[in-house]
Chemist: 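Can you keep this structure in mind? I'll have questions shortly.
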Amino acid sequence: MSETPASEPISSPSSTPPTRALHEQTVARLNSQAALFELGFATHPHSYAKTHSAAEVVTAHPTLEPGTHWQEQQYAVAGRIMLMRQMGKAAFANLQDESGDVQLFFSKNTLVTPEHFEAVKQLDLGDVIGVRGHAFVTKTGQLTLEVSEFTPLVKSLHPLPDKHHGLKDIETRSRMRYLDLMVSDDSRRTFVIRSRVVRYIRNFLDTLGFMEVEGPTLQAIAGGTEAKPFVTHHNALSHDFYLRIALELHLKRLLVGGFEKVFEIGRVYRNEGIDLTHNPEFTMLELYWAYVDYEAIMDLVEKLFSGLALEIFGSTTFEIDGKAVDWSAPFARVDYLGELNAKVPDLDFDPLELDQLRAFCDARYPQWKKVPDYKLLDKLFGEYVEPHCINPTFVMHHPTVISPLAKEHPSRAGITERFELFAMGFELCNAFSELNDAVDQRQRFEAQAARRDAGDDEAHPIDEDFLLALEYGMPPAGGLGIGIDRLIMLLADKRSIRDVLLFPLLRPH
RNA sequence: GGAGCGUUAGCUCAAUUGGCAGAGCAGUUGACUCUUAAUCAGCGGGUUGUUGGUUCGAUUCCAACACGCUCCA
């Protein structure tokens with residue numbers, strides 16, 4: 001079937017004079033759009049019946065004997081022109097679609113009409129076109145689509161970033177993500193990995209019988225962790241609401257309700273600064289599993305992460321940032337205080353006394369004078385242990401003082417049934433046997449509320465609604481939280497969270 | 001909040017002891033029927049982030065501000 005250039009209903013190119021000054025290169029492109037219209041090509045066709053992807057065309061013909069033609073197999077491919085090499089009566093172009101690239105060959109002899117050949121000269125880098133033709137191998141052995149006819153689908157009114165250097169400025173890459181995706185294979189790869197990781201996790205949990213749910217993002221009290229929330233206002237209820245900072249408290253209500261395996265993958269919002277590893281909105285996975293403790297969660301995490309490595313890298317051992325990482329189970333398991341005592345010079349505390357710790361740190365780390373007592377452990381841990389966990393390592397049994405929502409260890413005072421997984425010096429997840437003693441929970445909330453009254457605006461008021469649910473009895477349960485963005489950073493080998501978020505928060509222009 | 005670095009053409013980057021602002025890509029005109037970041041010849045394109053100051057002269061020096069990046073708190 002042959003399409004004549006004018007077969008689509010033709011809409012005339014816009015003749016409305018623009019109100020703002022147009023860049024020289026935009027004018028040139030509007031002119032070439034008008035020239036295409038004069039040649040009989042519609043400016044914005046409604047669809048294009050593509051039959052194959054660029055990658056399918058290339059992989060369908062493994063023979064690379066120069067001069068080979070496959071006339072019998074016709075392809076219709078659509079995508080964006082990324083490179084173009086015109087020479088008199090012939091031209092080569094690289095057409096890019098979601099699957100990859102295919103080289104196109106246009107020539108005066110092989111195009112169906114003289115209008116088509118004239119139209120080739122009006123194609124610009126960045127234009128989206130549909131092409132029909134057959135595959136052949138060039139003199140230099142490259143599989144190429146010989147175009148017999150083509151359809152301009154939409155003109156790019158702006159020039160593409162430099163075809164060799166691409167787009168380097170991280171702000172522009174984030175702000176104009178579509179350009180970044182157009183010109184950067186690496187960026188496309190990152191977001192494909194992101195999608196595969198999330199899909200893998202969903203499938204994995206589905207297979208284990210977990211139910212995916214959705215909690216509210218607008219909450220009367222933002223709880224579940226300590227962070228400053230965003231505030232918004234609901235007009236009809238005439239009440240301020242907070243954007244959620246964690247998924248936890250509503251998922252636990254579902255355990256009270258009788259669901260036994262629930263998880264949510266969703267956005268949480270924290271009103272805090274932006275840096276290499278923080279964006280005000282990011283994605284968390286939280287999971288709660290009734291009638292098990294943290295040991296079962298640890299087994300689940302081990303299976304999940306070694307399976308993920310296999311899924312993404314095809315192996316449980318792979319290299320990140322030049323370092324070989326081994327994701328085969330079982331992961332190393334170390335005790336929080338034991339590891340701290342082993343790694344921090346001169347430290348030897350067990351059980352832990354905050355007073356002792358304060359004195360220890362004041363003597364050695366005067367720059368931490370203003371750090372609250374209960375955060376000193378985290379400081380030491382972040383300094384001496386975390387960066388050295390290259391292979392995945394479970395750090396277990398955190399002190400109660402830094403684990404307000406975890407259940408205490410049955411035989412070790414001041415220690416909780418909790419673990420974190422570290423790899424590549426990164427925290428990947430946090431899990432524990434969940435506190436389900438409503439009285440204890442109330443006391444911990446009251447302590448937090450007291451800190452809030454004392455001026456700590458990361459502490460939250462008592463969530464009576466949640467406490468009431470807990471008082472009806474939440475079965476013993478293990479819970480898990482995973483920061484999806486950081487996981488993607490690790491798997492895609494990206495240093496900045498902005499590189500794994502399609503649209504990170506930016507100051508409005 | 002503090003410190004350091006940065007902001008030059010659509011993109012990637014030069015340059016100036018303070019003296020006409022430069023290249024490659026992209027654009028445009030022309031040549032070219034097997035190119036690969038095509039090539040060759042010609043031509044356009046700049047409020048050097050903003051506002052002040054010093055100076056005969058500022059894109060360069062100074063100050064403030066804006067925005068960005070990095071590190072620290």
Side-chain angles (χ1 to χ4, degrees), chain A residues 20-33 35 54 58 64-69 80-96 100-111 114 116-118 120-127 133 135-147 155-176 178-180 182-185 272-279 365-372 375-376 378-379 382-383 495-499 504-509:
Chain A
R20 66 198 163 102
L22 291 181
H23 191 273
E24 148 197 34
Q25 304 211 29
T26 297
V27 172
R29 283 157 183 270
L30 285 169
N31 288 341
S32 70
Q33 184 178 62
V58 174
L64 291 182
E65 187 61 38
T68 314
H69 280 253
R80 193 180 292 277
I81 300 171
M82 298 306 289
L83 292 171
M84 184 109 93
R85 300 171 287 281
Q86 303 224 35
M87 46 210 148
K89 299 186 180 64
F92 287 91
N94 291 49
L95 189 77
Q96 173 177 290
D101 284 274
V102 63
Q103 177 168 267
L104 307 179
F105 177 67
F106 302 89
S107 85
K108 195 163 191 173
N109 291 344
T110 55
L111 285 161
H116 273 86
F117 180 67
E118 287 304 309
V120 171
K121 298 171 185 166
Q122 300 300 332
L123 295 177
D124 291 300
L125 295 185
D127 288 2
F136 77 107
V137 180
T138 65
K139 286 175 183 169
T140 53
Q142 176 159 2
L143 198 285
T144 299
L145 193 70
E146 182 176 297
V147 178
K155 170 73 63 182
S156 170
L157 297 180
H158 296 281
L160 296 183
D162 187 284
K163 64 186 176 189
H164 185 50
H165 299 96
L167 201 53
K168 292 209 166 157
D169 180 64
I170 185 160
E171 187 192 356
T172 310
R173 289 200 341 247
S174 305
R175 211 175 271 287
M176 304 175 79
Y178 48 93
L179 277 186
D180 178 42
M182 253 182 240
V183 301
S184 167
D185 293 343
E272 55 197 20
I274 298 172
D275 63 25
L276 274 186
T277 54
H278 295 86
N279 191 66
Y365 312 97
Q367 69 272 29
W368 293 349
K369 286 272 188 207
K370 280 187 273 181
V371 176
K375 283 185 179 164
L376 284 172
D378 276 341
K379 294 291 285 185
E383 192 83 9
R495 203 170 146 256
S496 167
I497 194 171
R498 275 169 304 208
D499 286 329
L505 188 73
L506 299 165
R507 187 184 297 271
H509 267 170

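Note that the structure is a prediction, hence the values are computed from the model and not measured. First the proteins, then the strands, lettered A, B, ... as listed; each starts at 1.
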Chemist: R507(A) has an atom CZ; how far is it from atom P of C67(B), in whole Å?
Modeler: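 Value for this atom pair: 4 Å.
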
Chemist: Is the distance from OP1 or OP2 of A38(B) to the nearest side-chain N or O of R85(A) less than 4.0 Å?
Modeler: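 For R85(A), the contact criterion (side-chain N or O under 4.0 Å from OP1 or OP2 of A38(B)) is met.
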
Chemist: Compare the minimum distances between each of A37(B), C69(B), G10(B) and the side chain of K163(A), then state the nucleotide with the smallest one.
Modeler: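 Shortest atom-to-atom distance from the side chain points to A37(B).
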
Chemist: Can you tell me which nucleotide in C71(B), G27(B), U12(B) comes closest to the side chain of K168(A)?
Modeler: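 The answer is U12(B).
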
Chemist: Is the side chain of R173(A) donor-acceptor paired with the backbone N or O of R498(A) at a distance under 3.5 Å, no angle test?
Modeler: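 No: the side chain of R173(A) does not pair with the backbone of R498(A).
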
Chemist: If the C1' atom of G44(B) is compared with that of G10(B), how far apart are they to the nearest Å?
Modeler: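 These two C1' atoms come out 14 Å apart once rounded.
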
Chemist: With side chain to side chain contact (heavy atoms under 4.5 Å, CB included) as the test, would you mind laying out the steps for I170(A) and D499(A) before giving the verdict?
Modeler: CA-CA 8 Å; I170(A) 185 160; D499(A) 286 329; 4.0 Å; yes

Chemist: Hey, does F136(A) reach any base, or is it just sugar-phosphate, or nothing, if we go heavy atoms under 4.0 Å?
Modeler: base

Chemist: Just name whichever nucleotide pairs with U39(B), Watson-Crick or G-U, keeping both distances under 3.5 Å, else none.
Modeler: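 Looking at the geometry, U39(B) pairs with A31(B).
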
Chemist: Would you give the length of the straight line joining atom OG1 of T277(A) to atom CZ of R495(A), rounded to the nearest 0.5 angstrom?
Modeler: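 Atom-to-atom, T277(A):OG1 and R495(A):CZ are 10.5 Å apart.
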
Chemist: Does a nitrogen or oxygen in the side chain of H158(A) sit under 4.0 Å from OP1 or OP2 of G10(B)?
Modeler: no

Chemist: Could you give the NZ-to-P distance, from K89(A) to U33(B), as a whole number of Å?
Modeler: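 So the NZ-P distance, K89(A) to U33(B), works out to 5 Å.
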
Chemist: Sticking with atom C1', work out how far A9(B) lies from G22(B), rounded to a whole angstrom.
Modeler: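 Those two atoms are separated by 11 Å.
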
Chemist: Can you tell me which nucleotide in C32(B), A26(B), A37(B) comes closest to the side chain of L83(A)?
Modeler: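 Nearest listed nucleotide: A37(B).
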
Chemist: Distance check, C1' atoms only: A73(B) and A64(B), in whole angstrom units.
Modeler: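 The same atom, C1', in both gives a distance of 25 Å.
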
Chemist: Grab the CD-P distance between E171(A) and C69(B) for me, whole Å please.
Modeler: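 In whole Å, C69(B) P and E171(A) CD are 6 Å from each other.
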
Chemist: When the C1' atoms of C20(B) and A41(B) are compared, how many Å lie between them, rounded to an integer?
Modeler: 26 Å

Chemist: Out of C11(B), U70(B), U33(B), which has the shortest distance to the side chain of R495(A)?
Modeler: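 Side chain of R495(A) sits closest to U70(B).
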
Chemist: Which whole-number value in Å describes the distance from W368(A) CH2 to A73(B) P?
Modeler: 9 Å

Chemist: Both A93(A) and P161(A) contact RNA chain B. Taking the nearest nucleotide for each, which residue is further toward the 5' end?
Modeler: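 Result of the comparison: P161(A).
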
Chemist: To the side chain of Q25(A), which of A26(B), C34(B), U33(B) is closest?
Modeler: A26(B)

Chemist: Begin from the C-alpha positions of F105(A) and V147(A) and carry the test side chain to side chain contact (heavy atoms under 4.5 Å, CB included) through to its verdict.
Modeler: CA-CA 6 Å; F105(A) 177 67; V147(A) 178; over 6 Å; no

Chemist: Nearest whole Å is fine: how far is U8(B) C1' from D169(A) CG?
Modeler: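 Rounded to whole Å, this separation is 14 Å.
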
Chemist: Find the partner of G1(B): check Watson-Crick (N1-N3 plus N6-O4 or O6-N4) and G-U wobble (N1-O2, O6-N3) distances, both under 3.5 Å, and reply none if neither fits.
Modeler: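 G1(B) is paired, partner C72(B).
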
Chemist: Could you walk me through whether R80(A) and D127(A) pass the salt bridge (charged side-chain N to carboxylate O under 4.0 Å, His left out) check?
Modeler: CA-CA 6 Å; R80(A) 193 180 292 277; D127(A) 288 2; over 6 Å; no

Chemist: Provide the Watson-Crick or G-U wobble partner of C20(B), both distances under 3.5 Å; none if there is no partner.
Modeler: none

Chemist: What about D162(A), does its side chain sit under 3.5 Å from the base of G24(B) through a donor-acceptor pair?
Modeler: yes

Chemist: Between atom CG in L125(A) and atom C1' in C11(B), what is the gap in whole Å?
Modeler: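 Distance, rounded to whole Å: 12 Å.
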
Chemist: Calculate the interatomic distance between D275(A) atom CG and G1(B) atom C1'; express it in whole Å.
Modeler: 15 Å

Chemist: When rounded to the nearest Å, what value does the distance between P atoms of A23(B) and C62(B) take?
Modeler: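 About 28 Å, rounded to a whole number of Å.
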
Chemist: Return the nucleotide paired to A26(B): Watson-Crick means purine N1 to pyrimidine N3 with N6-O4 or O6-N4, wobble means G-U with N1-O2 and O6-N3, both under 3.5 Å.
Modeler: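 Base partner found: none.
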
Chemist: Taking the side chain of I170(A) as heavy atoms from C-beta outward, which of U35(B), A26(B), C69(B) is closest to it?
Modeler: C69(B)

Chemist: Would you kindly check whether a donor in the side chain of E24(A) faces an acceptor in the base of G44(B), or vice versa, at under 3.5 angstrom?
Modeler: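 Indeed there is one.
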
Chemist: Which nucleotide in the set C25(B), U28(B), U12(B) lies at the smallest distance from any side-chain heavy atom of A28(A)?
Modeler: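 Per side-chain heavy atoms of A28(A), the pick is U28(B).
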
Chemist: When you compare A63(B) with G4(B), how far apart are their P atoms, in angstrom units rounded to a whole number?
Modeler: 11 Å

Chemist: Using Watson-Crick or G-U wobble geometry with both distances under 3.5 Å, which nucleotide pairs with A15(B)?
Modeler: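 None - no nucleotide pairs with A15(B), as no candidate has both distances under 3.5 Å.
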
Chemist: Distance between the C1' atoms of A58(B) and U47(B), in whole angstroms?
Modeler: 14 Å

Chemist: Between atom CG in D124(A) and atom P in C25(B), what is the gap in whole Å?
Modeler: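 So the CG-P distance, D124(A) to C25(B), works out to 17 Å.
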
Chemist: Return the pairing partner of C65(B) with a 3.5 Å limit on both distances, Watson-Crick or G-U wobble; otherwise return none.
Modeler: G49(B)

Chemist: What interatomic distance, in whole Å, is found between P of C5(B) and the corresponding atom of G46(B)?
Modeler: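 Straight-line distance between the two P atoms is 32 Å.
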
Chemist: So does N109(A) reach the base of U33(B) with its side chain, donor to acceptor, closer than 3.5 Å?
Modeler: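 Side chain to base: pair found, below 3.5 Å.
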
Chemist: Do the side chain of Q103(A) and the base of U35(B) come within less than 3.5 angstrom through a donor-acceptor pair of N or O atoms?
Modeler: yes

Chemist: Are F106(A) and F92(A) an aromatic pair, judged by ring center distance below 6.0 Å?
Modeler: no

Chemist: Relative to the 5' end of RNA chain B, which residue comes earlier, R29(A) or Q86(A), by the nucleotide with the nearest heavy atom?
Modeler: R29(A)

Chemist: Counting only side-chain nitrogens and oxygens, does R498(A) get under 4.0 Å of the OP1 or OP2 atom of U70(B)?
Modeler: yes

Chemist: Counting heavy atoms from C-beta on, name the nucleotide in C34(B), U12(B), U28(B) closest to the side chain of F105(A).
Modeler: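 Given the options C34(B), U12(B), U28(B), the side chain of F105(A) is closest to C34(B).
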
Chemist: Do we see a donor-acceptor contact under 3.5 Å between the side chains of S32(A) and Q122(A)?
Modeler: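 Side chains of S32(A) and Q122(A): no pair found under 3.5 Å.
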
